[in-house]
Amino acid sequence: MASISAAAKASAASFAHKKELAAAAPHQHQQQQRAGAAHQGHRRARVGGRVRAVATPARAPRAPASTGSVKAPMTTTEKILARASERARLEPGENVWVDVDVLMTHDVCGPGTIGIFKQEFGDDAKVWDREKVVIIPDHYIFTSDERANRNVDILRDFCTEQEIKYFYDIRDLSDFRANPDYKGVCHIALAQEGHCRPGEVLLGTDSHTCNAGAFGQFATGIGNTDAGFVMGTGKALLKVPPTIRFVLDGEMPPYLLAKDLILQIIGEISVSGATYKSMEFVGSTVESLTMEERMTLCNMVIEAGGKNGVVPADKTTFKYLEGKTSVEYEPVYSDAQARFFSDYRFDVSKLEPVVAKPHSPDNRALARECKDVKIDRVYIGSCTGGKTEDFLAAAKVFLASGKKVKVPTFLVPATQKVWMDVYSLPVPGSGGKTCSQIFEEAGCDTPASPNCGACLGGPRDTYARMNEPTVCVSTTNRNFPGRMGHKEGQIYLASPYTAAASALTGYVTDPRDFLM
Amino acid sequence: MAAAPVFSLTAAAAAAAALAFGPVPTRARSQVPPRRRGTVSLRFHRTRPLTAAAATGGSLSSAAFHGECFVVGDNIDTDQIIPAEHLTLVPSKPDEYRKLGSFAFAGLPTAAYPTPFIAPGEESSRYAVILGGANFGCGSSREHAPVALGAAGARAVVAEGYARIFFRNSVATGEVYPLELADTGASKECKTGDVVTVDLDNSVMINHTSGKQYKLKPIGDAGPVIEAGGIFAYARKTGMIASKSA
C-alpha cells in the first residue's frame with residue numbers, strides 16, 4: 001500500500017466510505033428525461049451480416065432497450081453491456097459477447113494488431129466495418145527512429161487497403177500543421193472527432209481508452225490479440241464488472257481541478273483498488289464538471305486498476321457532441337435500485353491540491369506537504385493533462401503570478417485542435433492574451449507538436465523525454481520507475497494548476513500560493 | 001501480511017511426492033528437478049506456436065514448469081516489464097518478437113534488482129518462472145509485456161494478483177501462464193535463483209531450494225487457452241472457428 005502522510009489522512013477524513021447500498025442515484029429522473037428527448041425510437045440497426053467463421057452464441061429474440069420495462073435494476077455499465085450483447089439483464093461476473101461500436105488503435109499497437117488480423121483472418125480479409133475502425137497515429141511521430149516511422153507507414157498502407165474511413169494520417173513530420181488530417185493524442189482526438197458517444201462500446205489498444213467513459217460510454221483498453229479478433233469480427237468477449245460508485249458532492253474550490261479529484265480517489269483506494277471493476281462518478285460536483293474535466297476523471301481509472309469509468313451523460317455531454325457526430329446514440333443510466341459493489345463519498349469543498357509522489361499514482365500527498373521538493377522541470381501534456389482547459393488552467397496561474405518560470409517548462413498540446421486553441425483562445429481576465437502569449441511571457445518552452453511520446457518515454461529523440469535522472473512535476477498519468485524515460489527519474493503527478501505553480505517556484509507548490 | 005508460508009495440503013503433498021519420485025506430468029521439454037541448489041542451470045527454448053499436448057493425457061491443462069525463478073515485488077508495471085522505447089518492435093514479426101524478449105524487464109531499477117532477468121549479452125532468460133507480489137502487470141495495455149516475458153523464455157508468472165489487461169493479454173496470446181497464489185508472502189520468502197516447480201494439475205508451486213510449497217488458485221478455463229497457444233489457436237482447436245487449412 002502507498003504510504004499516506006498524516007496530513008493527507010486528515011484530508012481524507014473529509015470523505016466517508018459507505019459499504020451499504022445507497023437508495024437512489026441523484027438526478028436520475030431528470031437525466032432520463034433528457035435522454036428521452038435526445039433520442040427517440042430504436043437504436044440504429046446492427047450490422048450483423050459480415051462476420052464470417054466465428055461462432056458466437058445465438059442472440060436473444062429482442063433487445064432490452066425495445067421492451068421499455070426494467071425487469072432487473074442495472075448499473076450504467078451493466079446496461080451498456082446488456083444492450084451490446086442483446087441480453088435482457090446481466091450480472092457482474094458474467095462473460096458475454098458484445099458488439100463493438102468503435103475499435104481504436106494507434107502506431108504502437110496498430111501494427112501488431114494488423115499483423116494478428118492478417119495472420120488469423122488471412123491476407124485478403126477485410127475489417128468487420130471500415131467505418132468503425134479508427135486509426136490514430138500519435139505515440140512516436142516526431143522522431144527519426146526508423147522503426148517508429150515504419151510503424152506509421154504500416155498503418156497508412158493498411159488504411160488504404162481497407163479503405164478505413166477514419167485514419168488521422170501524418171506524412172510531413174517537419175510541420176504537423178501541414179497535415180490537416182493529423183489529430184494527435186488518440187483519446188482526445190476520439191472525443192473531439194465525435195467517436196465517443198453515450199451508451200456505446202469503445203475498445204482501444206491503449207489502457208487510457210477508459211477516457212471515453214466521460215461520455216457515459218463503456219470504454220476500455222485491450223491488447224493486440226483481442227483487438228485483432230475485434231477487427232475481424234466486431235465482437236469481443238467481455239466480463240461484466242461490478243461497479244464502484246463515487247459520489248462527489250460540494251462546490252469545487254477554485255484551486256482544484258479534476259486531476260486533484262482522481263489523484264485523491266486513487267490515493268484512497270490504491271493502484272489495485274478497482275481492479276476488474278467499473279468506477280462510476282456521480283454527484284453535484286461531477287455534474288458541474290466540463291467534458292474535458294470529466295475526461296481527466298475517467299482517464300485515470302486504469303491507474304486504480306479500473307476496467308472502465310463512467311460519468312452519466314447529461315446536457316453538458318449532449319452540448320459537447322452537437323455538430324461532432326451524426327450517429328444516433330442512446331444514453332443509459334444506472335437504475336435507482338442498481339447494486340453497487342461499494343460507495344465512496346467525497347465532500348469536494350474540503351479537499352486540497354494533491355500530488356502523486358514517485359513511483360506510484362496512489363502515493364498521494366498534499367501539494368503543500370511537498371514544498372521542499374526541488375524540481376528540475378515541468379511537463380504539461382498527454383491525454384490526461386494536455387487538453388485546452390489544462391493549458392488555460394496553467395495560463396491562469398502564470399497570469400496571476402506575473403512571474404517567470406524557474407525550471408524548463410515543456411508544453412505539448414494533446415491535439416492539433418488543442419494547439420490551435422492555445423494560440424487563439426483568449427485567456428479570461430488577461431485582456432485578450434492567448435495561452436501561447438502568456439506562456440512566452442512566463443518563459444516556458446514553445447508549445448510543441450501534438451503527440452504522446454514524452455509521457456511514456458518513447459524514442460530517445462522525443463521532445464521533452466526525460467533523458468537524465470531529473471525530478472519532474474507532470475500533468476500526465478503515470479509515475480512508475482522509468483515512465484518518462486530515465487529509470488532514476490522522479491515524477492510528481494499533479495494538476496495543471498499545481499504544475500504551473502511548481503514551474504514558477506522550482507519546488508512542488510500548492511497553487512493557492514498564486515491563485516488566492 | 002506474513003501468512004504461514006508452508007502448505008501441507010493433501011494435493012500439494014501428493015504433487016510433491018509425484019515430482020520427487022515418479023514420472024513428472026510435464027511437457028516434453030521439462031526436465032527432472034535438481035536436488036541441489038546451483039548445480040543445474042535449466043533453460044527452456046520455446047518454439048511457437050505451442051502445439052505439443054501434455055505428455056500425459058487427461059486434463060487439458062496437464063503441465064508443469066520447472067527451473068529457476070526470478071523474484072520481483074508488488075505493482076510491477078508494464079513500463080518495468082518492457083520500457084516504452086522498445087515498443088517500436090512489432091510482436092507479430094518473428095525477428096522483432098525475439099528482440100522484444102531480449103528487453104524483458106529492462107525497466108526494473110538496477111539498484112533494487114541487481115541481478116538482471118536477461119544476462120548481459122544474452123537474448124533469452126535463464127528464469128522459467130517469474131514470482132511477483134500484488135497487482136502484477138499494472139499500467140499499459142501493451143501486449144508487448146507478456147510477449148516479452150514469453151519470448152525471453154519464461155513459462156509462467158506466479159503472483160498474488162494481476163492487473164486486468166496483463167492477465168487477459170497473457171491468456172489471449174498464450175505467452176505465459178498468469179497464475180495466482182492462494183496466499184500472500186511467497187515473493188518475500190523466495191529468492192531469485194531458487195529452483196521451483198509449478199504444477200498446474202495440482203495447483204501448487206514448490207520451491208525446491210527452500211523446501212516450501214505454495215498453493216495456487218486453479219487457472220480454470222484459461223488453462224486450455226494458454227495451452228493451445230492463445231485464443232485463436234484455442235478457437236481453431238476446439239472448432240469455434242474454422243481451421244486455417246479449411
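In what follows, chains are A, B, ... by sequence order, proteins preceding strands, each numbered from 1.
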Minimum side-chain heavy-atom gap [X]-[Y] below 4.5 Å:
X: P91(B); Y: N224(A); result: yes
X: R168(B); Y: L238(A); result: yes
X: S207(A); Y: I165(B); result: yes

_Suppose we call two aromatic rings close when their centres sit under 6.0 Å apart. Are F117(A) and F232(B) close by that rule?_
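Aromatic pair excluded; centres sit 6.0 Å or further apart.
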
Taking every heavy-atom pair that is under 4.5 Å apart, which of [options] has the most such pairs with chain B?
options: K307(A), R465(A), Q119(A), H359(A); answer: K307(A)
options: D226(A), V271(A), D206(A); answer: D226(A)
options: G221(A), G305(A), G453(A); answer: G221(A)
options: G457(A), G485(A), G306(A), G482(A); answer: G457(A)
options: I154(A), L237(A), T143(A); answer: L237(A)

Please look at [X] and chain A and tell me whether the side chain, the backbone, both or neither of the residue comes under 4.5 angstrom of a heavy atom of that chain.
X: L87(B); answer: both
X: H144(B); answer: side chain
X: Y162(B); answer: backbone
X: A106(B); answer: backbone

*Using modelled atom types only, decide if a donor and an acceptor are shared between the side chain of Q80(B) and the backbone of P481(A) within a distance under 3.5 Å.*
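Judged by distance alone, no pair lies under 3.5 Å.
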
_Main chain of G223(A), side chain of N169(B): is a donor-acceptor contact present, judged purely on distance under 3.5 Å?_
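Yes.
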
Between [atom1] of [X] and [atom2] of [Y], what distance do you get to the nearest 0.5 Å?
X: F480(A); Y: I81(B); atom1: CZ; atom2: CD1; answer: 10.0 Å
X: T205(A); Y: R142(B); atom1: OG1; atom2: CZ; answer: 12.0 Å
X: T78(B); Y: R478(A); atom1: OG1; atom2: CZ; answer: 6.0 Å

How about [X]: does its [atom1] atom have over 12 heavy atoms from other parts shown lying under 6.0 Å from it?
X: D157(A); atom1: CG; result: yes
X: R150(A); atom1: CZ; result: yes
X: D124(A); atom1: CG; result: no

For residues [X] and [Y], report the shortest heavy-atom separation together with the two atoms involved.
X: T225(A); Y: A172(B); value: CG2-O, 3.5 Å
X: L108(B); Y: K487(A); value: O-NZ, 2.8 Å
X: D79(B); Y: R483(A); value: OD2-NH1, 3.0 Å

_chain B contact residues among residues 104-113 of chain A, heavy-atom distance under 4.5 Å_ =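 At a heavy-atom separation under 4.5 Å, chain B is reached by V108(A), C109(A), P111(A), G112(A).
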
*Can a donor-acceptor pair be found between the side chains of T220(A) and R164(B) at a distance below 3.5 Å?*
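On atom types as modelled, these side chains qualify, holding a pair under 3.5 Å.
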
_Between L89(B), T88(B), V147(B), who has the most heavy-atom pairs with chain A when the cutoff is under 4.5 Å?_
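Among L89(B), T88(B), V147(B), the one with the most close pairs to chain A is T88(B).
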
*asked:* Let's test your reading of the structure: which of P83(B), G107(B), G139(B) forms the most heavy-atom pairs below 4.5 Å with chain A?
replied: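 Ranked by heavy-atom pairs under 4.5 Å with chain A, first place is G139(B).
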
Can you say whether [X] sits under 4.5 Å from chain B via the side chain, the backbone, both, or neither, judging by heavy atoms?
X: Y140(A); result: side chain
X: I114(A); result: neither
X: S272(A); result: both
X: I222(A); result: backbone

